[in-house]
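Okay, so here's the structure we're looking at.
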Amino acid sequence: MGIRERLASAGAEWGAALLVAVGAGVLRFWGLGRPRGLVFDETYYAKDAWALLRLGYEGSWPDRKTADPGILADPQVVPLSDAGAFVAHPPAGKWVIAVGEWAFGLDPFGWRFMTALLGTLSVLMLCRIGRRLFRSTVLGCLAGVLMAVDGLHLVMSRTALLDLVVMFFVLAAFGCLLLDRDGARARLADGQAATGWRPWRIAAGCLLGLAAATKWNGLYFLAFFVVLTLLWDVGARRVAGARRPYRAVLRRDAGPALPSLVPVAVVTYLVTWTGWFLSDDGYGRHWADGRGGPWSWIPAPLRSLWHYEALVYRFNVGLHTPHKYESNPWSWLVFGRPVLFHYESSGGGRVQTVLALGTPLLWWAACAALVYLLYRWALRRDWRAGAVLCAVGAGYLPWFLYQDRTVFSFYAVVFVPYLCLAVAMLLGALLGPPGAGRPRRVRGAVAAGVLVLLIVWNFVYFYPLYTGQSIPYDGWRARMWLDTWV
């Protein structure tokens with residue numbers, strides 16, 4: 001293929017991905033300021049983001065019944081105090097939200113802008129990641145379309161919470177590791193003894209550090225992805241002819257791999273605390289000043305941060321306060337208990353809701369797709385299935401360790417991209433292998449097309465519940481397919 005043909009092909013691939021992303025962006029930005037209020041935990045993160053802009057650390061606010069009406073009033077009242085406040089999550093995600101507030105102000109559009117932007121960009125990334133993973137523009141863009149019409153991803157893109165920010169950084173890291181894998185295998189195929197400089201792996205370390213600096217569940221992705229990339233290196237060494245691929249990886253790849261992921265992630269994590277380090281009034285900032293002990297050789301700011309993080313860890317692990325919309329992780333894949341972010345009834349028997357519910361048919365199809373991927377990985381040694389399952393496991397399995405903790409189904413947004421990749425891979429199997437006959441391909445295309453159309457219809461049907469649109473009460477009740485959704 002000549003240069004002109006390659007450029008035309010790349011342009012078509014990018015054009016298709018951009019078209020999907022534009023559609024996703026319209027869905028995420030249209031009416032972004034609705035509902036006009038601090039929805040669910042926006043009351044914490046939107047205000048903490050504003051404090052970071054003004055102070056460099058999370059300051060103190062009066063209780064939400066006092067602060068929230070003033071923020072939404074005209075003229076606006078912002079009762080922020082410079083006294084440091086104890087907060088349950090690191091600052092990176094709130095800095096992301098703060099960018100939108102810096103650009104558009106402390107209002108619903110401003111504090112939701114960046115999650116809507118990241119949600120849109122994540123659809124674009126997934127199209128390209130799927131293209132690289134499956135070597136198919138159709139399947140890559142199909143994965144992007146599925147995520148564009150997932151209700152949970154849409155709701156989290158239109159709400160200033162932290163979980164979608166974690167999803168974005170992790171997905172970007174996953175894409176970087178795919179690029180790193182392909183580059184390393186190409187160098188080994190060219191006869192090089194070492195895989196050489198691997199900037200994409202360093203980029204992945206930075207992104208995983210940002211994910212952990214948004215919410216700590218990003219640390220699980222770091223652990224899972226370290227194992228994943230080392231196993232990819234083993235496979236590359238085996239294909240390159242190494243008689244003992246595990247030994248070859250330990251000798252040549254493990255040494256560079258771990259520093260380019262774990263230490264880079266740690267440094268990135270610490271950098272996100274710069275505003276706190278430079279402050280005098282951040283919560284616990286001077287806890288270690290003047291304290292002796294066996295760890296006194298460590299700089300006092302780092303010991304103060306360690307103490308602060310220990311308090312945060314105990315708070316998060318010990319969070320057992322009952323909540324009406326909490327759910328056990330066992331029910332997440334079938335969305336047994338979605339979270340109602342907003343509910344408002346108006347005259348004439350009409351209601352407005354924002355319900356953090358994944359598109360049901362997409363998630364139920366994903367359950368079947370995960371079973372198919374388990375088969376592909378366990379019995380066919382399909383590395384693509386293993387990669388997707390690894391990412392789903394990193395986002396899902398750790399929550400089973402906290403059976404007594406108060407957790408919510410919307411945490412599952414971090415592995416939504418990989419569910420969409422799983423469904424796309426299943427649809428690819430329905431379409432049949434490239435060498436399949438025409439009747440087989442037609443039957444597969446019809447089956448795959450019907451499933452995609454049903455998922456899109458399902459999204460359209462639930463769309464009013466995702467975006468706070470006013471609908472008749474009977475219409476809302478008809479959409480409560482399971483009693484546990486009410």
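Bear in mind the structure is a predicted one, so any value in this text is a computation, not a measurement. Scope of the values below: all heavy atoms of this structure, side chains included, with no hydrogens, waters or symmetry mates.
Below 30°, between 30° and 60°, or above 60°: for Phe174 and Phe225 the angle between ring planes is between 30° and 60°, a tilted geometry. Taking the six-membered ring for Trp and thresholds of 30 and 60 degrees, Phe341 and Phe410 have ring planes more than 60 degrees apart, a perpendicular arrangement.
Listed for the Thr268 side chain is a donor-acceptor partner under 3.5 Å among the backbone atoms of Val264. The backbone N or O of Asn316 sits less than 3.5 Å from a side-chain atom of Arg405, completing a donor-acceptor pair. Between the Gln76 side chain and the Ala73 main chain, no donor and acceptor come within less than 3.5 Å of each other.
The pair Asp163-Lys215 counts as a salt bridge, with a side-chain nitrogen and a carboxylate oxygen less than 4.0 angstrom apart. At a threshold of 4.0 Å, the pair Arg384-Asp382 counts as salt-bridged, since one of the basic side-chain nitrogens sits closer than that to a carboxylate oxygen. A salt bridge is absent between Arg54 and Asp82; no separation between the charged side-chain nitrogens and carboxylate oxygens falls under 4.0 Å.
Seen from the ring of Trp30, Arg158 does not count as a face-on cation partner, given the 6.0 Å and 45° thresholds.
For the pair Tyr396 and Tyr418, the minimum side-chain heavy-atom distance is 4.5 Å or more.
In summary, the side chains of Trp216 and Tyr269 do present a donor paired with an acceptor at a separation below 3.5 Å, with no hydrogens or angles considered. Residues Asn458 and Thr359 bring no donor and acceptor atom of their side chains to less than 3.5 Å of each other. Judged purely by distance below 3.5 Å, without hydrogens or angles, the side chains of Arg337 and Ser331 never pair a donor atom with an acceptor atom. One side chain, Trp363 or Asp150, offers a donor N or O that lies under 3.5 Å from an acceptor on the other.
Aromatic ring centres of His323 and Phe408 lie closer together than 6.0 Å.
For Trp95, the CH2 atom is densely surrounded, since the number of other residues' heavy atoms within 6.0 Å is greater than 12.
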